[in-house]
**Q** 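Below you'll find the structure I mean.
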Amino acid sequence: MAITAETNSSLKGNIDLRSVTTVARTPVPVTVSSAGVVYDNQLATGFNKPFSEKAIWLNAADLVRDTYEAVSDDLTFEQVSFPAGDSWTTDTLPEESDGVVSWDLTVGGVWHVGFRSAAGGKELSTVFSQGDYSRGAFVKHSGGYLAVYAGNSDATLAIKNTGVAVSQVTVTWGGYNDHPQWLAANSEWSVRVYDTHWGAVLMNGTEVYRFNLGSETISDVGFGVFASGPAIKPTASYWTERTATVFGGQQQTVVRVFGDSQSAPFYGVWTDAFREALDGSFGIRVLNVENYAVPGENSLNALNAMQDKGLGIANYIVIYTGTNDVQGGSPLSASMANLEAMLDIVDAGGRRAVVVIPSLWLNANQTPNGFATANAEDAAPLRAAFRNIAARRGALVADLQQITGQILSTFVTAPDASDCRVRDRIHHTAFMYRAVGRLIAQVIAGDIVRPVS
């Protein structure tokens, strides 16, 4: 297939670009729609951008100075009776040579694990041999231990706190059920330590379980095996430890939005810029952006929508509401209760909430054109209350006041104003929506890409 196009030509419909051999004499605008988010792209004539147009530069913040150490003959081997045991004892079963550890398994009931001391910025990796047995990643901490383990199919999270019965649930992730390379048995396993309390278990470089131990302190991480079938001699090979100053976030990210016209696909769709900024940054993959915001609705409507739609598989929930509460004269106490209820739902689902602090707007009597608006001067208590609740509940905060700056009628009415933030007294301009999307992307990226200490 070949495509030729003259200037100002366009392509519409479903076209398999993989079969294109000759692209175009001039760049052709192409709109690509993916998971409800539309991208405007250009089908270029080739990778022939003049060097004079170079726009990507590296500075000190861009330098990657990770170090890697091949771990050989430097592990502590222990065993524990599972699932009842609390006490780890020295294990003499494993054989270790040149970074390959093997265990001659004949009986079940005991996990055999090779450990290495944990520290912030460390990531330990290995790969297990094939076979009918259970393999797992272990994290020891001051209050007990946790493990993600799997045979040849299902993966399980086990949390064993000292003196408490073990808690176990199934763990799944994108690709787990429909692609063999994402099965735990076929993956490279890693345990990443962000700091003394935060860490993650990864398969093939993608987080499948992130944990926060609260006041407990991580001491050791490692990998081990458990006899679940006939006698077998499994191995864990190519142990490597990475040391980094900051870790990229290979977390599969799905976002669900609840709110009003500011957050709905109303004028400029901020989710376009949000996904453009977040997807592909620091290894983050945005699988979907689901927007349930509805123009004209308030925080009670957003709560009702969250109760109706649920959280789906989203791991980040953007709560972008409050403007219409103020405009409609709703009691502040009601708005606060609605936000608290939404955060209850998010917390109960084990997700992360992003509370957006609404920006300023103009009243109808301040500018000649636009929507009927009111009560702009009454919004400060709601912003303060929402920020306070988010801080108290441990939610992420995206404060739009930090990027919008002043909202003044003189910016709208002045004939030479070129940086107008609002187009109709209340809704953002396309320029500002891009800034909003980028800010929310920065907040989520800041949560996924954790500094180490």
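The residues of the chain are indexed from 1 along the displayed sequence. No experiment lies behind these values; they were computed from the predicted model shown.
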**Q** Keeping the roles fixed (side chain from Asp86, backbone from Gly144), state whether a donor-acceptor pair exists under 3.5 Å.
**A** no

**Q** Is Asp279 paired with Arg285 through a side-chain N to carboxylate O contact shorter than 4.0 Å?
**A** yes

**Q** Hey, is the main chain of Thr196 close enough, under 3.5 Å, to the side chain of Thr217 for a donor-acceptor pair?
**A** no

**Q** May I ask you to decide if the ring planes of Phe138 and Tyr145 are parallel, tilted or perpendicular, using 30° and 60° as cut-offs?
**A** tilted

**Q** Measure the shortest side-chain to side-chain distance between Ser125 and Arg242 over non-hydrogen atoms and say whether it is less than 4.5 angstrom.
**A** no

**Q** Please answer whether the main-chain N or O of Thr271 pairs with a side-chain N or O of Asn291 as donor and acceptor at a distance below 3.5 Å.
**A** no

**Q** With the threshold set at 4.0 Å, does a side-chain nitrogen-carboxylate oxygen contact exist between Asp399 and Arg383?
**A** no

**Q** Is it true that Glu340 and Arg392 make a salt bridge, defined as a side-chain N closer than 4.0 Å to a carboxylate O?
**A** yes

**Q** For residues Leu400 and Pro358, determine if any side-chain heavy atom of one lies less than 4.5 Å from a side-chain heavy atom of the other.
**A** no

**Q** Please report the C-alpha distance between Gln79 and Phe226 in whole Å, then the side-chain angles of each, then the deciding distance to 0.1 Å, and finally whether the side chain to side chain contact (heavy atoms under 4.5 Å, CB included) criterion is met.
**A** CA-CA 10 Å; Gln79 65 182 35; Phe226 180 90; over 6 Å; no

**Q** Less than 4.5 Å apart, side chain to side chain, heavy atoms only: is that true for Met336 and Leu332?
**A** yes

**Q** State whether Tyr133 and Arg135 meet the cation-pi test: NZ (Lys) or CZ (Arg) under 6.0 Å from the six-membered ring centroid, and within 45° of the perpendicular axis.
**A** yes

**Q** Side chains of Val356 and Ser263, heavy atoms from C-beta outward: is any pair under 4.5 Å?
**A** no

**Q** Indicate yes or no: at least one non-hydrogen side-chain atom of Gln262 is less than 4.5 angstrom from one of Trp270.
**A** no

**Q** Show your reasoning for whether side chain to side chain contact (heavy atoms under 4.5 Å, CB included) applies to Val71 and Thr126.
**A** CA-CA 10 Å; Val71 177; Thr126 194; over 6 Å; no

**Q** Is the side chain of Ser81 donor-acceptor paired with the backbone N or O of Val110 at a distance under 3.5 Å, no angle test?
**A** no

**Q** Trp111 and Tyr149: aromatic ring centres closer than 6.0 Å?
**A** yes

**Q** Is the shortest side-chain heavy-atom distance between Phe386 and Ser335 below 4.5 Å?
**A** yes

**Q** Does any donor atom in the side chain of Ser299 or Asp325 lie under 3.5 Å from an acceptor atom in the other side chain?
**A** yes

**Q** For Leu93, is the CG atom crowded, meaning more than 12 foreign heavy atoms sit under 6.0 Å from it?
**A** yes

**Q** Quick one: do Lys309 and Glu290 make a salt bridge, cutoff under 4.0 Å?
**A** no

**Q** Is the shortest heavy-atom distance from the side chain of Ile319 to the side chain of Met306 under 4.5 Å?
**A** yes

**Q** Under a 3.5 Å distance rule, please check whether Trp173 uses its side chain to pair with a backbone N or O of Leu202 as donor and acceptor.
**A** no

**Q** Which of these, Val257, Val289, Val436, sits in a side chain to side chain contact (heavy atoms under 4.5 Å, CB included) with Phe274?
**A** Val289

**Q** Checking Thr240 side chain against Tyr238 main chain: does a donor-acceptor pair fall under 3.5 Å?
**A** yes

**Q** Does any N or O in the side chain of Asp91 come within less than 3.5 Å of the main-chain N or O of His112, such that one atom is a donor and the other an acceptor?
**A** no

**Q** Is the backbone N or O of Lys233 less than 3.5 Å from a side-chain atom of Ser102, with the two atoms forming a donor-acceptor pair by type?
**A** no

**Q** Testing Asp447, Asp347, Asn315 for side chain to side chain donor-acceptor pair (under 3.5 Å) with Arg352, which one passes?
**A** Asp447

**Q** Does the Asn186 side chain pair with the main chain of Pro180, one donor and one acceptor, at a distance under 3.5 Å?
**A** yes

**Q** Quick one: does Arg275's side chain have a donor or acceptor within less than 3.5 Å of a partner on Val286's backbone?
**A** yes

**Q** Could you check if a side-chain atom of Ile448 sits within less than 4.5 angstrom of a side-chain atom of Phe282, using non-hydrogen atoms only?
**A** no

